Amino acid sequence: DGGITQSPKYLFRKEGQNVTLSCEQNLNHDAMYWYRQDPGQGLRLIYYSQIVNDFQKGDIAEGYSVSREKKESFPLTVTSAQKNPTAFYLCASSIAATGNTIYFGEGSWLTVV
Amino acid sequence: DQQVKQNSPSLSVQEGRISILNCDYTNSMFDYFLWYKKYPAEGPTFLISISSIKDKNEDGRFTVFLNKSAKHLSLHIVPSQPGDSAVYFCAASAGGSNYKLTFGKGTLLTVNP
């Protein structure tokens, strides 16, 4: 089945630790994105990548890092510098970065304990 | 400053009746609008979109209306079904740039049997 797979679904992190969320897509999409959702809030863009080996900061990139070494993979690292990391994280992709619908993965819950 | 506003946090309708979800925007550069549906702890699912060159787009039970002069769009669901109960997000972009999608905070629709 074609789609976007995020793992893990649920993750607990101790304060001060870095954690990496995985995102894999087999849709052959060029563009990939990471969003964050907080309760009662809309989705906010963390990072996006238009093509392999390229990525750009979104609206709330501080405390996060990404890589795009392969077309199908766009992992997100939540570093200890992120002050409020507890949130629902959504990975998405689209055929290209312009003029196309974005499709989302199932999301990953990160809780800092 | 919130550029995409969904002023109703929640809406409750009876099964079989019409559901009308509203969205207002302030940025006159927005030219592409999308609606997403989201169940708890899942990723958003694309529902329907509309370009600013149109004022209506229909897909089965879902119709989106765009009033550019009022900077207002609405999603109509007819007839409403219990399975439609979810959070609905309105999103907008300018110049076809997916990474510039701006989301509203969402409206929780509850369809009562």
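Here is how names work: the chains are called A, B, and so on, in the same order as the sequence lines, proteins then strands, and each is numbered from 1. No hydrogens, no waters, no symmetry mates; every other heavy atom, side chains included, goes into these values. Since the structure is predicted, the reported quantities are computational estimates derived from the model, not experimental observations.
Of all the listed residues (B/A41, B/C90, B/P9), the one sharing the greatest number of non-hydrogen pairs under 4.5 Å with chain A is B/A41. For chain B, the option among A/K9, A/Q37, A/Q6 with the highest count of heavy-atom pairs below 4.5 Å is A/Q37.
Cluster membership for B/V87 and B/W35, using ILVMFWY side-chain heavy atoms within less than 4.5 angstrom, is not shared. B/I48 and B/L21 end up in the same hydrophobic cluster when Ile, Leu, Val, Met, Phe, Trp and Tyr side chains are linked at under 4.5 Å. Note on B/Y32 and B/L73: separate hydrophobic clusters, where clusters join Ile, Leu, Val, Met, Phe, Trp and Tyr whose side-chain heavy atoms are under 4.5 Å apart, directly or indirectly. A single hydrophobic cluster is not seen to contain both B/L34 and B/Y25; linkage of ILVMFWY side chains at heavy-atom distances under 4.5 Å, directly or through other members, places them apart. Cluster membership check: A/Y103 does not share its hydrophobic cluster with A/L76, using side-chain heavy-atom separations under 4.5 Å among Ile, Leu, Val, Met, Phe, Trp and Tyr.
Of the two parts of B/A91, neither the backbone nor the side chain holds a non-hydrogen atom closer than 4.5 Å to a non-hydrogen atom of chain A. Heavy-atom distances place the side chain of A/L90, and not its backbone, under 4.5 Å from chain B. With a 4.5 Å cut-off on non-hydrogen atoms, B/Y36 touches chain A through its side chain but not through its backbone.
For A/D54, the side chain to side chain donor-acceptor pair (under 3.5 Å) criterion is met by A/Q56, not counting sequence neighbours.
A/I102 contributes atom CD1, which lies 12.0 Å from atom OG of B/S49 (distance to the nearest 0.5 angstrom). Expressed to the nearest 0.5 Å, how far CZ of B/F89 lies from CG of A/L43 amounts to 5.5 Å. Residue A/E106 holds its CD atom at 5.0 Å from CD of B/E42, rounded to the nearest 0.5 Å. Note: B/F103 CZ to A/L45 CG = 9.0 Å, rounded to the nearest 0.5 Å. Distance check, rounded to the nearest 0.5 Å: OG1 of B/T102 to CG of A/D59 gives 7.0 Å.
Looking at B/K38 and A/F88, their side chains come closer than 4.5 Å, going by heavy atoms from C-beta outward. Two residues are said to be in side-chain contact when any heavy atoms from C-beta on lie closer than 4.5 Å; B/F46 and A/F104 fail this criterion. Put simply, the side chain of B/L101 does not reach to within 4.5 Å of the side chain of A/Y33, judged on heavy atoms.
Summarising the local packing, CZ of B/R17 is surrounded by 12 or fewer heavy atoms from other residues, nucleotides or ligands at distances under 6.0 Å.
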